[in-house]
Amino acid sequence: MGIYVPDNGLGLALEDIRKGRIVLVYDFDDRERETDMTIASEFVTAEALMRMRGDAGGLICTTTPNRTAKELGLPFLSDVFWNNRDAYPLLGMMAPNDIPYDNTKSSFGITINHRGTYTGITDSDRALTIREYVGTIFKDSPPEDRIRDLGERFRAPGHVHLLNTSSKLLRTRHGHTELCTALMYMAGVRPSATICEMLGGDGASGSKERAAEYARRNGMQFVTGGQIMEAWDVFLEETGTDA
């Protein structure tokens, strides 16, 4: 069942998410100024990843809510590097403390492959890894059982890049990791999004206008960070969700 969201243009996007369709999300004019393709991770297929790879062209990543990541011991990659700086001093020197559009650390987590994949990079391999990952982390079982399952079923590093959301979703960080994960919560699906930045033909990020036109041509929904944040505030108030 869908979750009510105020009529600010998100209704059709949430409906598409529940149907396993790709939605386009633009962040903010004063942030990355980028549009990401996003799809609910539980519905990822090889065909969806092929479209992301071909029509978007950025890095394909899968999000994990902060609370789930902490519960299962899935770290931010920057923390892994920082905690190993004594053994590898360069990792400490390369700390991501000067990101021009963000005053928080990078959302990157570890990279994984499902143990049932071959190379792990093909669209079918990555789709398998993503679907199985989401099925494992949100399983209705104690954390220790899910941790054991993750260790048995996945290897790291791999070809699927994980992203951990910040705590208190959309309160401390407003990146695509958080925006797209919030969409999943509001759509009532498992709160993990698979995302990919849309790049332009000139090697730079694609413009907001071109992304919106792409959405129109392909019958996709195009939403903005402002719309998501407005709806998220109402969603939290009406549902009491603590994300």
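Here the structure is a predicted model, which means the values were calculated and not measured.
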**OP:** For V44 and R126, run side-chain contact (heavy atoms from CB on, under 4.5 Å): C-alpha distance rounded to whole Å, both residues' side-chain angles, the deciding distance at 0.1 Å, then the answer.
**Re:** CA-CA 9 Å; V44 163; R126 282 190 283 182; over 6 Å; no
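- Residues C196 and A56 approach most closely at SG-CB, 3.8 Å, considering heavy atoms.
- Judged by distance alone, the side chain of E178 and the main-chain N or O of T165 form no donor-acceptor pair under 3.5 Å.
- Here NZ of K208 is found 9.5 Å from CG of D27. Values are rounded to the nearest 0.5 Å.
- Proximity of a side-chain donor or acceptor of T111 to a complementary backbone N or O of G158 within less than 3.5 Å is detected.
- With a 4.5 Å cut-off on side-chain heavy atoms, F76 and N66 count as touching.
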**OP:** In sequence, state the C-alpha distance, the side-chain angles, and the governing distance for E213 and R216, and then conclude on salt bridge (Lys or Arg N to Asp or Glu O under 4.0 Å).
**Re:** CA-CA 5 Å; E213 176 56 29; R216 284 191 291 270; 2.9 Å; yes
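- No side-chain heavy atom of P96 sits less than 4.5 Å from a side-chain heavy atom of F81.
- Contact check for T38 versus L179: no side-chain heavy atoms found under the 4.5 Å cut-off.
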**OP:** Go through the steps to decide whether D233 and R171 satisfy the test salt bridge (Lys or Arg N to Asp or Glu O under 4.0 Å), and finish with yes or no.
**Re:** CA-CA 10 Å; D233 287 339; R171 290 297 183 266; 3.4 Å; yes
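- Scanning all heavy atoms of the two residues, the minimum distance from S192 to V134 falls at OG-CG2, 3.7 Å.
- Between the side chain of S106 and the main chain of F108, a donor-acceptor pair closer than 3.5 Å is present.
- The ring-ring contact (aromatic ring centres under 6.0 Å, His included) test applied to H114 returns F154, not counting sequence neighbours.
- Nearest heavy-atom pair, L163 versus C61, reported as atom, atom and distance to 0.1 Å: CD1-CB, 3.4 Å.
- Between the CG atom in D149 and the CD atom in E132 there is a gap of 10.5 Å [rounded to 0.5 Å].
- Put simply, L74 and W82 are part of two different groups of oily side chains (I, L, V, M, F, W, Y) that touch within less than 4.5 Å, one to the next.
- Taking the charged nitrogens against the carboxylate oxygens, K139 and D145 have no contact shorter than 4.0 Å, which rules out a salt bridge.
- Separation of atoms CD1 (I121) and OG1 (T129) is listed at 10.0 Å; rounding is to 0.5 Å.
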Original post:
Are H174 and M229 close enough, and set up right, to give a side-chain contact (heavy atoms from CB on, under 4.5 Å), and what steps lead you there?
Top reply: CA-CA 9 Å; H174 308 132; M229 291 191 67; 3.6 Å; yes
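- Here the options are D16, L24, V25, I22, the test is side-chain contact (heavy atoms from CB on, under 4.5 Å), and the partner is Q221; only D16 passes.
- The line from CD of E71 to OG1 of T64 is 12.0 Å long, rounded to the nearest 0.5 Å.
- Grouping Ile, Leu, Val, Met, Phe, Trp and Tyr by side-chain contacts under 4.5 Å, direct or through others, puts M93 with L90, M94.
- A salt bridge is absent between R18 and E15; no separation between the charged side-chain nitrogens and carboxylate oxygens falls under 4.0 Å.
- Rounding to the nearest 0.5 angstrom, the gap separating the CD1 atom in I60 from the OG1 atom in T194 is 8.5 Å.
- The pair E152-R115 does not count as a salt bridge, with every side-chain nitrogen at least 4.0 angstrom from each carboxylate oxygen.
- Between T181 and T63, the side chains place a donor N or O and an acceptor N or O closer than 3.5 Å (distance only, hydrogens not considered).
- When all heavy atoms of T62 and S41 are compared, the pair lying nearest together is CG2-OG, 3.5 Å.
- Taking every heavy atom of both residues into account, L72 and I147 meet most closely at O-CG1, 3.7 Å.
- To the nearest 0.5 angstrom, Y26 atom OH is 7.0 Å from R33 atom CZ.
- Side-chain N/O atoms of R51 and N218 include a donor and acceptor closer than 3.5 Å.
- When all heavy atoms are compared, the tightest approach of S167 to T172 is O-OG1, 3.3 Å.
- Using modelled atom types, one side-chain atom of Q227 and one backbone atom of T224 make a donor-acceptor pair closer than 3.5 Å.
- Atom CD of E144 sits in a crowded spot, with more than 12 heavy atoms from other residues, nucleotides or ligands closer than 6.0 Å.
- Side-chain N or O atoms of N164 include one that pairs as donor or acceptor with a backbone N or O of P75 at under 3.5 Å.
- Contact check for M184 versus I17: side-chain heavy atoms found under the 4.5 Å cut-off.
- In this structure, the side chain of R146 engages the main chain of I137 through a donor-acceptor pair within 3.5 Å.
- In summary, the side chains of Y185 and T239 do not present any donor paired with an acceptor at a separation below 3.5 Å, with no hydrogens or angles considered.
- In this model, a donor atom of one side chain and an acceptor atom of the other lie less than 3.5 Å apart for D55 and Y214.
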